[in-house]
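Atoms within a ligand are numbered from 1 in the order they appear, just like the ligands themselves. Below, all heavy atoms of this structure are taken into account, side chains as well, without hydrogens, waters or symmetry copies. Bear in mind the structure is a predicted one, so any value in this text is a computation, not a measurement.
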Amino acid sequence: MTASDFASLGLAAPLLRALEARDYVTPTPIQAQAIPHLLEGRDLLGIAQTGTGKTAAFSLPMLQILAEVPDHAEPLRPRALVMAPTRELATQIGDACKAYGRHLHLRVAVVFGGVGQSPQVEALRRGVDILVATPGRLLDLMQQHYCKLDAVEILVLDEADRMLDMGFLPDVRRILAKLPKQRHSLLFSATMPKDIVDLAHSILHHPVRVEVTPQATTVERIEQSVYFVKKDKKRELLVELLDDPAFERTLVFTRTKHGADRVAKFCNHAGIEAHAIHGNKSQNARERALSAFKGGKCHVLVATDIAARGIDVPDITHVVNFDLPNVPESYVHRIGRTARAGRDGIAIAFCDETEHEYLRDIEKLIKKRIPVVGQGSAPAAPRPKPAAVPAPQRPKVVPADNPWHRADDADTTDEPVAAAAGSDRPRERQRPAPRSAPGPYEPDSRRPGPRPQGPRHERGGKPKGGGRPAQPNAVDPEQRRREPRPEPTPSRPPQHKPHPAKPPQPHPHKPAGGPKPHGPKPHGGPKPHGGPKPHGGGGHGGGHGQRRRRG
Ligand code: AMP
């Protein structure tokens, strides 16, 4: 593809100029596949997650379609509605629309809960072409008659499965009921559980289906490694790793909110500035943490899966799985944060004595062994038996002509606490994770049967109801099967090498003379990272070779 490819997708000059300013040269697969159809007015089912370029895939055509009709939005009556599950995602979408639409005269507003509504009401009163909203606040505004949806021409439901997880579907359905029947509808979801299949049926009309699942290729691009470490030594190991200046921008995942707080606190005591981000934090605290992390003022962000989801931070150098997720697909999502939009990254996992099974599940899913780099501070935790890693079982039974398959029946999550990050009505429930799938930029654009009766402008809107794809609701009847696991047996002895003595180097994470860590070398066991150094490879700042030892 060449620079002209965005133009060949049919995008207008003002949008091309905006893309050029952002140095977007090549459309991502979802953009290449979705944009031409969206410009024709087709409805779209996008099976894609954050990191695939989906925001531009729907924003660019939406902006172009709205700009083609020089109507100004009337007060309180937006022309396009984008619904997103979290404030962070809504804000990012709003920012993207503003950036891509900078040469157009369209007004964009973002509304979400947890903040005062007056500025949002003011924006709506002035007239908004594109309204990006979380469902709870939008309903509140509608109930107070500050927002009417009868002029909405384009609807985008982003991260629909996350809406489901957060208990937003009833709100979403109430909102959908207020939309005009004739409209252009898009739905994006990383997975397709049955409720989302049903929702898609109810709102999309002859949709184009575009599926971009980044797992496999993302995993290939990431240098992965695992430390076996005792549970109570993880924080010390983390601090030791973060002492390496190569960890320029590190996202640390914990399973719980309290865990995130504890880890961030420990890092801060050790003189490494870290912020925790999760659903118990106020909106302001989350925004401060995120902007410090994005701006490079703070090098370490500790997050739960839910809080991290939708956060678009480029140039994350390292992802640390402080706790291994009990849903293997979450591991793939997590480490994918360090390989956004074609970049590479480094992922380090800590595996304690209770997590061997999770590690095995992950290795089965990614179909490879994760190299062991050390034993943390723990007495050697045995490596789970190195059974050949079989291809992951994909109990998917999808009729070939059924475009609406569900991805998974699993009903697990690693976020046990009810409040969800960034939502205005946080009701997190267990979330099915996506199955492993083709690489990020490997499209699967199997499309549902008949195309619509001509492009949108010719159709003059769409009759609803007719022409659904065949067998729309086939549901995979099988639950994910977990094989019984043999007891872990020591198999791959840890490899240790004495760490070469290094002179102290200035550290970007810590102010000179900052507080001392809790015990600089608290663990007397083998050096945790003295073995092979899979995450110090070229292009990543030298990895552990530059580690600054504490004394
Ligand atoms: P998204 O999946 O929409 O959250 O996008 C993920 C990241 O990729 C964001 O930082 C976008 O700014 C970036 N991005 C989207 N499209 C492109 C593109 N065609 N070229 C380069 N970066 C892109």
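Atom 16 (N) of ligand 1 has its nearest heavy-atom neighbour, among R22, Q92, Q31, K54, in Q31.
By the 3.5 Å distance cut-off applied to N or O atoms, Y24 is counted among the residues near ligand 1. Ligand 1 has no N or O atom lying under 3.5 Å from any N or O atom of P27, backbone or side chain.
Counting only heavy atoms from C-beta outward, the side chains of F188 and F58 approach each other to under 4.5 Å.
Each of the following atoms of ligand 1 lies closer than 4.0 Å to a heavy atom of T55: 1 (P), 3 (O), 4 (O). Short contacts between ligand 1 and T26, defined as distances under 4.0 Å to a heavy atom of the residue, involve ligand atoms 18 (C), 19 (N), 20 (N). Within ligand 1, the atoms closer than 4.0 Å to a non-hydrogen atom of G53 are 1 (P), 2 (O), 3 (O), 5 (O), 15 (C), numbered from 1 in the order shown. Close contacts between ligand 1 and T52 involve ligand atoms 2 (O) [criterion: under 4.0 Å to a heavy atom].
Side chain of R183 to backbone of V152: no donor-acceptor contact under 3.5 angstrom is found.
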Step-by-step side chain to side chain donor-acceptor pair (under 3.5 Å) determination, H278 to D261: CA-CA 9 Å; H278 54 66; D261 281 336; 3.0 Å; yes
Step-by-step side chain to side chain contact (heavy atoms under 4.5 Å, CB included) determination, I346 to V319: CA-CA 6 Å; I346 295 173; V319 166; over 6 Å; no
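Enclosure of atom NZ in K98 by more than 12 non-hydrogen atoms of other residues, nucleotides or ligands within 6.0 angstrom is indicated.
The residue V25 has no part lying near ligand 1, judged by heavy-atom distances below 4.0 Å. Residue F188 does not touch ligand 1, judged by heavy-atom distances below 4.0 Å.
At a cut-off of 3.5 Å, with distance as the only test, no side-chain donor of E363 or Y358 sits close to an acceptor on the other residue. There is no side-chain donor-acceptor pair under 3.5 Å between R137 and Q117.
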